[in-house]
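Reading through the structure tokens given below for one structure.
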Amino acid sequence: MQVRLVNTSPFLDQKPGTSGLRKKVKVFQKTHYLENFVQSIFDTLEIANNSVLTLGGDGRYFNAQAIQVIIQMAAANGFAKVLVGQGGILSTPAASHIIRKYHTLGGIILSASHNPAGPDEDFGIKYNTPNGGPAPEKITESIFEKSKTIQQYKLLSLPAVDLNTIGLTHFDGFSVEVIDPVRDYADLMESMFDFAAIRNLFSDGFSIKFDGMHAVTGPYARELLINRLGAPAHSLMNCVVSETFGGGHPDPNLTYADALVKIVYGTDAPEFAAASDGDGDRNMILGKGFFVTPSDSLAIIAANAHLIPAYQQGLSGVARSMPTSGAVDRVAQKMNIPCFETPTGWKFFGNLMDANKVTLCGEESFGTGSNHVREKDGLWAVLCWLNIVAAKKQSVEAIVKAHWAEYGRNVYSRHDFEGIPTEQANAVMTHLKTQFKSLPGREFGRYQVAQCDDFSYVDPVDGSVSTGQGIRILFECGSRIVFRLSGTGTEGATIRIYLEAYEPDTTQHHLDAQVALGEMIQISLQLSQLKENTGREAPTVIT
Ligand code: VG1
Ligand code: CO
């Protein structure tokens, strides 16, 4: 079998964003496009003759075709072996675990996360390094540089590998192993949590509903919740992976997981409910008629981590992305452990975890995780909550309310304005940047501005600097407004406004977040001139 060198021309494209390269499927299907990007990844690696590559994706449209191409390219570029999930499936956290467990030279994950799937929708690809985490900026930048000068890519013409059958296929000096995508991950979960306690919870009749949103977590949830923990089969909904994610938008939040939300707020609601996203790294946690904000979820998991076997020894520290609420900061302060504030995106947590500076971390965007892998992990968060509920024998709502009573409540909401023409979105950000220096000291009703900046971050481990990570307006009372442009969309721009107000007074804790944040919402619109610049009257998504 011979390596084929295919001539190509550089593609000047955007840099990989918050989480890899995301484009319309039609773009990835263009001649040489996928191959150029994969070759650019391989060109940044030192591939040895025993190097192994982990490969898998969220099962969306184009996943299986892309996998066959990447296998041929891995063979031609000198990998000894590719480990690929059966059916081409690996959830993002499971891929991270496989990379770590089998010490592979990183992995390629095919996913556009919660973005819709199908021939006219999105596809995505990202490289994770041997620590299991998303490539840090210096690597994504060098991939981008390679993609600007690429002249050739390498392929080895191999017969298509049967992705549906577990087993090893040998070629000349190269092999492909199709592995069970669930088992290693499920074993890891079983080693971390008190499965006996959770099993008892279910056998005592505790009811749960898990929504896989037709995406990758279906088989994982079935193995964990039904097979290993004994929940009844009707606890699952939308748990068969479909190429189009059932035509939906697998983003576990109150807007897109509306089918589950209806159940949770209806009669006969289960005591616990959860959903996960396209690639299985996000989570939404709900109790009976009750929504847990992701920022609170992180804080509550941190405060109760000692109840979970894997964290009985305590936490070395915690981290949150800048826009995430400060609820976890209060827990860290009380526990007397460090708390780090990083830019948005999981790649910034990796160094902190590798250096054992943090055990838990999270983002407001329904992402929570720990150092068991180097990605956020949806089902892990579900198991954290089930373990905590089993240990405390309290409802989700009671646990959250007790937490607020002890620490105060960081009332929080994010308003997304999606699909805005790029020039208009840039105008909003420029407007904010030109005026933020003059804001400190100004008063808006009872809110006085204390500090404004464009967030930048110095990595405490390797000293790398990331600038332009979002405009922060901090008020004297501890409330905050943050403005950021999304880095994961494929159409136009999305402006995210993150709103937070600290409320120590328990008599106010019953308030709906949108009501409690009413004044802050008005201030954010006034400061950004968002309506004037974009013509938008209301956000497209509120979480
Ligand atoms: C969004 C979230 C961010 C998250 C990223 C990837 O990025 O805000 O917190 O890390 O998605 O999540 P952005 O740049 O659009 O705000 V996933 O589940 O799509 O890999
Ligand atoms: Co995701």
Side-chain angles (χ1 to χ4, degrees), residues 14-22 57-60 90-96 109-117 122-128 133-135 137 140 212-213 215-217 220 245 249-253 256-257 275-284 293-295 298 319-325 341-350 361-369 373-381 412 414-420 425 429 455 466 468-471 482-498 540-541 543:
Q14 96 223 40
K15 279 204 275 224
T18 316
S19 193
L21 184 70
R22 290 188 188 168
D58 61 15
R60 67 178 58 226
L90 278 178
S91 77
T92 288
S96 184
I109 303 176
L110 304 171
S111 170
S113 192
H114 55 282
N115 295 14
D122 291 359
F123 193 72
I125 174 163
K126 88 178 164 169
Y127 174 69
N128 279 31
E137 281 189 329
T140 54
M213 303 194 81
V216 82
T217 42
Y220 296 87
F245 296 155
H249 192 139
D251 199 354
N253 60 40
Y256 291 118
S276 191
D277 72 331
D279 61 330
D281 56 0
R282 298 188 179 203
N283 72 90
M284 175 168 66
T293 71
S295 297
L298 172 64
R320 63 166 171 85
S321 68
M322 181 273 282
T324 303
S325 97
E341 185 178 36
T342 60
T344 296
W346 213 260
K347 59 189 167 209
F348 294 101
F349 295 133
C361 40
E363 296 190 279
E364 49 63 43
S365 53
F366 298 80
T368 337
V373 289
R374 292 294 181 275
E375 287 278 6
K376 54 188 184 266
D377 190 343
L379 276 162
W380 168 89
Y412 190 85
R414 182 176 106 182
H415 289 198
D416 292 338
F417 296 80
E418 298 171 314
I420 294 181
M429 297 307 278
F455 183 64
S466 305
Q469 298 293 329
I471 293 179
V482 174
F483 298 87
R484 238 190 103 246
L485 291 181
S486 156
T488 57
T490 58
E491 264 173 16
T494 294
I495 299 177
R496 306 203 193 284
I497 306 183
Y498 307 82
T540 33
V541 178
T543 51

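Counting starts at 1 for both ligands and their atoms, in listed order. Given the structure is predicted, the values throughout are model-derived calculations rather than measurements.
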For this session: Examine the proximity of ligand 1 to S486 and report which part, side chain or backbone, both or neither, has a heavy atom under 4.0 Å away.
Result: both
Problem set entry | Intermediate values then yes/no, salt bridge (charged side-chain N to carboxylate O under 4.0 Å, His left out), K126 and E375 | CA-CA 12 Å; K126 88 178 164 169; E375 287 278 6; 2.8 Å; yes
Problem set entry | M322 to ligand 1, any heavy atom closer than 4.0 Å | no
Exercise. Should the proximity of D277 to ligand 1, defined as any heavy atom under 4.0 Å, be assigned to the side chain, the backbone, both, or neither?
Worked result: side chain
Seminar exercise, completed: Checking heavy-atom distances from atom 6 (C) of ligand 1 to each of K376, K347, E364, the winner is K376
Exercise. Would you say L485 and ligand 1 have an N/O pair spaced under 3.5 Å apart?
Worked result: no
Exercise. With under 30° as parallel and over 60° as perpendicular, where do the rings of H249 and Y256 fit, or are they tilted in between?
Worked result: parallel
For this session: For the pair S91 (side chain) and T217 (backbone), establish whether a donor and an acceptor sit closer than 3.5 Å, ignoring hydrogens and angles.
Result: no
Problem set entry | Results of ring pair (Phe, Tyr, Trp, His ring centres under 6.0 Å) for H415 - residues two or more places apart only | none
For this session: Consider every N or O of W346 and every N or O of ligand 1, then say whether any pair is closer than 3.5 Å.
Result: no
Exercise. Is S365 close to ligand 1, meaning an N/O of one under 3.5 Å from an N/O of the other?
Worked result: yes
For this session: Indicate yes or no for a side-chain donor-acceptor contact from S96 to the backbone of R374 under 3.5 Å, with no hydrogens or angles considered.
Result: yes
Problem set entry | Within-shell test, G345 vs ligand 1, heavy atom, strictly < 4.0 Å | yes
Seminar exercise, completed: The answer for which part of R414 has a heavy atom under 4.0 Å from ligand 1 is side chain
Exercise. The Co ion (ligand 2): which protein N, O or S atoms are under 2.8 Å away?
Worked result: S113 OG, D277 OD2, D279 OD1, D281 OD1
Exercise. Between the candidates R282, H114, R22, which shows the shortest non-hydrogen contact distance to atom 11 (O) of ligand 1?
Worked result: R282
